[in-house]
Number of protein chains: 2
Amino acid sequence: MGRKAAASQPKGQSTSVTPDIIKVEAIRLFSERGYPVIGMRDLSEAVGILPGSLYAHIASKEKLLLDIVASGVRNFTDVIAPIVERDGPADERLREAIRAHMRVLAVTLDQTRVTFHQWHYLTNDNLDQMVAVRRDYEMLFKRLVAEGIEDGTLLGTSRPTVATLSIIGVLGSATEWFSPTGSASADEIGDAIADVLTLGLGTR
Amino acid sequence: MGRKAAASQPKGQSTSVTPDIIKVEAIRLFSERGYPVIGMRDLSEAVGILPGSLYAHIASKEKLLLDIVASGVRNFTDVIAPIVERDGPADERLREAIRAHMRVLAVTLDQTRVTFHQWHYLTNDNLDQMVAVRRDYEMLFKRLVAEGIEDGTLLGTSRPTVATLSIIGVLGSATEWFSPTGSASADEIGDAIADVLTLGLGTR
DNA sequence: CCTACCGATCGGTAGG
DNA sequence: CCTACCGATCGGTAGG
C-alpha cells in the first residue's frame, strides 16, 4: 500500500501532504533507484502534488537527503549507545549491540540503505554534519572492541582497527542482503553474525 | 599525475586519446563523485577533447560503466578462482583467497569502488550481465565455505549463508577503508581479516 | 498547494 | 576528433 495510493488519489483533501509523507516516499525512491537519479518530479508524482509545490514543505532536495540520512544513523545510535554504556563483559555487550543493530535494520531497511549508500552525495555543511554522526556510530563499536581487549573478553590478536572495521563492515553489508520477510529473524541473524565474529569460522 | 595533465595538454598529438585513457579517467571521476553525477562534459574535459568527440571512442555512458564494472569483477575472479579450485584444506584456501582479494584491491582501488558501489545504475541487458559476473564472484566464497564444512576445517555452527555473506561483506567494506599508502600491506590486512573470520574475536 | 516559468545542463548525433 | 546542435530534463522560484 502507499505505492500508487498517493499518486492515484485524485484531489480529495482526505490526507493532505506533510513533510513526513514526502520523507517516506523519498526514502522509497532514493532506496530503489538512487538519490541523483530521482528527480523532484518523480517525488512530486509519488506524493500526489505538482513539482513546485514540494518546496512548500521542504527546503531543498539535498536537505531532504540530509534529514533522511542523519535520522537514519540516529535510529542506530539511539538504541546501541545505551548497550555500549552499560556494565558487563564487552563480548556480551558486543553481541547485544549486533542484535540491536539487526533489529533496527529490520524495521528501517530502506532508510538504512539510503543512509549507508547515498550520504556521500551531500555537500559542504550537510556533508560535514553527516560525517560527524557517522563517526559517533563507528565510535560505539570502536569502544566495545577497546573495552573487550581491556576486560579480556575480546582478543587483541588481530589489529584492533581491522576488528572494528570488520564488525562495522559486516553490519553494513547486511543492509544489502537482509530480508525482513526471510525465515530468519533479525535476532537470529544477529546471533549468527556475532558467532562468526566472536567464535570464528575455524575449527581449532 | 594525470589529474590535470590531460586537461591542460594544449593540442599536441603527443598522446592521442584512446578508449583506455577514457576508461582510466572515468574510473577516477566515477569513483570520486559517482556515476550519475559525472557528465560526459566532465569526462571529456578530463581527457582533453570535446564532449561529442567521446563518442568516436565509446558507445555510450552506460556501456562505459559496464566495461568498468565487468572487468572490475573479473580482476578478482581471475585471481581467486585458481585458489578455490586447487587442493588443500578449505580454511587455508579461504585465507589465501582473502589475501589475494586484498592484493587485487590494493592495485585497483578506484575501479573496485565503482564496481562494488555503482553497478546498480546499469539497466536491462547491461544489468543482467553484471548480476551474472557478481554471482560468479560470490559463488567462489560460497564454495569455500561449503567445502570447509565438508572437510571439517570450517565450522557449520552458524548458518553457512551468513558466514559466506559475512566474508563477502567484510571484503566489500575494505573497499571503503583500505588505503594503499597506509602502514599495513595488503597481505597483512588480509591476514588480519582472515584471523577475525576464522579464529574469531572471542577469547574462549 | 497551483500556475507559469527560469536558466542550466543532460546524453547523444549529423556531417564532416 | 571538431562544429554545431537536438529535445529532454534538471532543481528551484515568483506570485498568488
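Owing to the predicted nature of the structure, the values given are computational and were not obtained by experimental measurement. Below, read A as the first sequence line, B as the second, and so on, with proteins coming before strands; counting in each chain starts at 1.
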Base-paired stems in DNA chain C, each at least three Watson-Crick or G-U pairs under 3.5 Å =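 Looking at DNA chain C, the stems formed by three or more consecutive pairs are C:1-16 with D:1-16.
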Return each pair, listed once, that meets salt bridge (Lys or Arg N to Asp or Glu O under 4.0 Å) where at least one residue sits in residues 54-76 of chain A; pairs must be two or more places apart or across chains.
->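 Of all non-adjacent pairs touching residues 54-76 of chain A, those that pass salt bridge (Lys or Arg N to Asp or Glu O under 4.0 Å) are A:K23-A:D67.
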Sequence neighbours excluded, every pair satisfying salt bridge (Lys or Arg N to Asp or Glu O under 4.0 Å) that has a member inside residues 114-139 of chain B |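 Sorted pair list: B:R134-B:E138.
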Can you figure out which of D:dC1, C:dT3, C:dC1 approaches the side chain of B:H57 most closely?
->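 Shortest atom-to-atom distance from the side chain points to D:dC1.
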Tell me what B:I38 touches on the nucleic acid: a base, only sugar-phosphate, or nothing, going by heavy atoms under 4.0 Å.
->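 Answer is sugar-phosphate: B:I38 comes under 4.0 Å of backbone atoms only.
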[X]: side-chain hydrogen bond (donor to acceptor under 3.5 Å, both in side chains) partners, not counting sequence neighbours:
X	answer
A:D191	A:R95, A:R99
B:R103	B:D187
A:T164	none

Report, one pair per line, the protein and nucleotides 12-16 of chain C atoms (nitrogen or oxygen only) whose separation is under 3.5 Å.
residue : atom : partner : partner atom : Å
C:dG12  : OP2  : B:Y55   : OH           : 2.7
C:dG12  : OP2  : B:K61   : N            : 2.9
C:dG12  : O5'  : B:Y55   : OH           : 3.4

Side chain to side chain contact (heavy atoms under 4.5 Å, CB included) with A:T161: which residues, sequence neighbours excluded?
->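 Partners of A:T161 under the side chain to side chain contact (heavy atoms under 4.5 Å, CB included) test: A:L165.
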With A:E188 via side chain to side chain contact (heavy atoms under 4.5 Å, CB included) - residues at least two apart =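 Checked A:E188 against side chain to side chain contact (heavy atoms under 4.5 Å, CB included); matches are A:A184, A:S185, B:R159.
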Whole angstroms only, please: what is the [atom1]-[atom2] distance between [X] and [N]?
X	N	atom1	atom2	result
B:L50	C:dC10	CG	C1'	17 Å
A:E45	C:dC1	CD	C1'	17 Å
A:L43	D:dG11	CG	P	10 Å

Taking every non-hydrogen atom, the tightest pair across B:S31 and B:V114 |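 It is N-CG2, 3.5 Å.
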